[in-house]
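Report on the structure given below.
It should be emphasised that the depicted structure is a prediction, and the values quoted were computed from it without experimental measurement.
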Amino acid sequence: MTAVPGTPATAPLRGGLGRWLALAVLVLAVLLVAVDATVLGLATPYLSEDLRPSSTQLLWIGDVYSFVIAGLLVSMGSLGDRIGRKKLLLTGSIAFGGISVLNAYATSPAMMIAARALLGVAGATLMPATLALIRNIFHDPKERSLAVGVWGATASAGAAVGPVVGGFLLEHFWWGSVFLINLPVMAVLVAVGVKLLPESKNPRPGPWDLPSVLLSLAGVIGVVYAVKEAAAHGVRADVAASAAAGLAALVWFVRRQLTLPEPLLDMRLFHHRGFRGAVLADLLTILGLSGLIFFLSQFLQLVQGRDPLQAGLAEIPAAVGSVVTGLMAGRAARRFSVRAIVSGGLAAVGLALAAVTLFSVHTPYPALGAVLLVVGVGAGFSFTVTADVILGSVPKEEAGAASAVSETAYELGTALGIALLGTIVTGVYRGFASPPGTPAGASAAAHDSLGGAVEAAAGLGHGGAALLTAAQSSFVDGLRAASGAGALILLATAGAAWVLLRGQRLGDAPPDGEDRAREGAAHAAAMPHD
């Protein structure tokens, strides 16, 4: 590829060792995000006791990070393609570390909400930049498959390490310590990344279209907010208005991309059947899985009585399965086929979720551990191969935007899954009958949430045992129902992936460089401009 005069070309890495050392730096960034995504849930009870947020403020503390990161992923991925992925990654990492300190020392709910929102801005720069750099560092499809496997394995390991580390810190320090663990990781990442990471960017980037950025942000946040609010509190006028405004912004965003000569997101990426199939598989997979992921910690702690550290350790089989299969996924997809590995992995997760429908309050850990292991194995195969397909389906100049689409699908799938499957859990849970003689206040608190039931039962002394038993049993009924729905979604997605990924091979990329530039110029000339 010939760089445009005045534009830095992609800096090559000398020798195989340099590429793998650069990958080691990139996985530190993945570890940073993965750990942060899992520790807040454990810290929430301690944070609530200290800052005393209202119920609405507590929801915003938990949700605003995902709102902002989902809304900015596409914009940040495209920004990295334009200004340089290394520059964006290192700048975002420094910001992530500094804002983590702000989170740790927040003194009010409003300050905490603002700090979480700023952390979302920084977090949106990291994941797309890491995948885009992998696409540009590893040109050989087999090496890239292994690199993506290491990337995915690190994300899985970080998600598992987060609860364990968080549980340990919360038992020995104050809640802010779960944010300060980001600092040493960030420091190593920046210090080493400055020297080892090559810079890469699109040599013909075009302007960063601010109206498109705002439309993307407004659209995704509007839709995600509406879905979560509707699930938690029902459909209201403001929720319907948010959904309508978000959908309108997204439609306007797509129409604008189709008319711009240099769009923020090239909609032609979706013309590739493998790209479409992989993105859809990611979205529906995490949608179906999110019910188990989101409610599992409550099952382990509030139903089966484990402390935070024990709950974190209990989830390790999923990470082990995902790490091992993630490293093997590329080789397996070449030996068999992409669609066989993706569809088989999704079917395995679906069957594991179906097994959860047989669980009870007293299900022994070996059964739960086996289910989590199968979930990890299936997800490791599926997510690793779909990430590889997405990267291999696009020119390396647009790797940041393509990676951001993948991450956005993940965020949207999480929001939709928690909302839709959470509605099932909540609906079933609230249907239990309070034992005779239960005070009205305790009964109302117990029906509001399982955490409320634990507190209400503790306040009733020995008389609260029957109330807690009824609430726990009802929660497990809801978890079973949501897992059944998730199993159906996963099995249907396995079938869709079998069709959409037919004939797909790893490394099936369209032309790069000047051929693609000529194709884009012809496309732009044929389109009306704003």
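No donor-acceptor pair under 3.5 Å is formed between the side chain of S473 and the backbone N or O of T469. For S483 (side chain) and L479 (main-chain N/O), a donor-acceptor pair under 3.5 Å exists by modelled atom type. Side chain of N182 to main chain of F179: a donor-acceptor pair is present (N/O by atom type, distance under 3.5 Å, no hydrogens or angles). In terms of modelled atom types and a separation under 3.5 Å, the side chain of S474 and the main chain of V428 share a donor-acceptor contact. In terms of modelled atom types and a separation under 3.5 Å, the side chain of R116 and the main chain of N103 share no donor-acceptor contact. With hydrogens and angles ignored, the 3.5 Å screen pairs no side-chain donor or acceptor of S216 with any backbone N or O of V213. Judged purely by atom type and a 3.5 angstrom limit, S242 uses its side chain to pair as donor or acceptor with the backbone of G222. Side-chain N or O atoms of T493 include one that pairs as donor or acceptor with a backbone N or O of I489 at under 3.5 Å.
Rounding to the nearest 0.5 Å places CG of L467 at 5.5 Å from OG of S434. Within the model, atoms OG of S212 and CG of L217 stand 12.5 Å from one another, a figure rounded to the nearest 0.5 Å.
Closest approach of A494 and S343 over heavy atoms only: O-OG, 3.0 Å. Of all heavy-atom pairs between M186 and I94, the closest is SD-CA, 4.0 Å. Considering every non-hydrogen atom in both A106 and M111, the closest pair reads CA-SD, 3.7 Å. The shortest non-hydrogen separation linking G378 to A348 is CA-CB, 4.4 Å. Nearest approach of T363 to Q304, heavy atoms of both residues: O-NE2, 3.0 Å. In terms of heavy-atom proximity, G478 sits nearest to V425 at O-CG2, 3.5 Å.
Each of V385, V377, T384 was evaluated against T325; a single residue qualifies, V377, per the side-chain contact (heavy atoms from CB on, under 4.5 Å) test.
The aromatic rings of F96 and Y65 stand perpendicular to each other, their planes meeting at an angle above 60°, with 30° marking the opposite boundary. Using the six-membered ring where Trp is involved, F432 and H447 have ring planes that are parallel, under 30° apart on the 30 and 60° scheme.
Between L300 and L368, the closest side-chain pair of non-hydrogen atoms falls below 4.5 Å. Proximity of T386 to V342: side-chain heavy atoms (C-beta onward) are separated by under 4.5 Å at one or more points. Using a 4.5 Å heavy-atom cutoff, the side chains of L88 and L79 are in contact. Contact annotation: the side chain of L250 never approaches that of L215 to less than 4.5 Å [non-hydrogen atoms, C-beta and beyond]. Counting heavy atoms from C-beta outward, L89 and L126 have side chains that approach closer than 4.5 Å. Between V349 and T285, every side-chain heavy-atom pair lies at or beyond the 4.5 Å cut-off. The side-chain heavy atoms of V220 and F253, taken from C-beta on, include no pair separated by under 4.5 Å. Inter-residue side-chain proximity for L302 and Q472 is flagged as unmet; no heavy-atom pair is nearer than 4.5 Å.
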Begin with the C-alpha distance, continue with both residues' side-chain angles, and end with the deciding distance and a verdict on side chain to side chain contact (heavy atoms under 4.5 Å, CB included) for F359 and V371.
CA-CA 11 Å; F359 278 20; V371 165; 3.8 Å; yes
Could you go step by step and tell me if L450 and V303 meet the side chain to side chain contact (heavy atoms under 4.5 Å, CB included) rule?
CA-CA 9 Å; L450 183 57; V303 175; 3.8 Å; yes
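Residue Y365 qualifies as enclosed at atom OH: its count of foreign heavy atoms under 6.0 Å is above 12.
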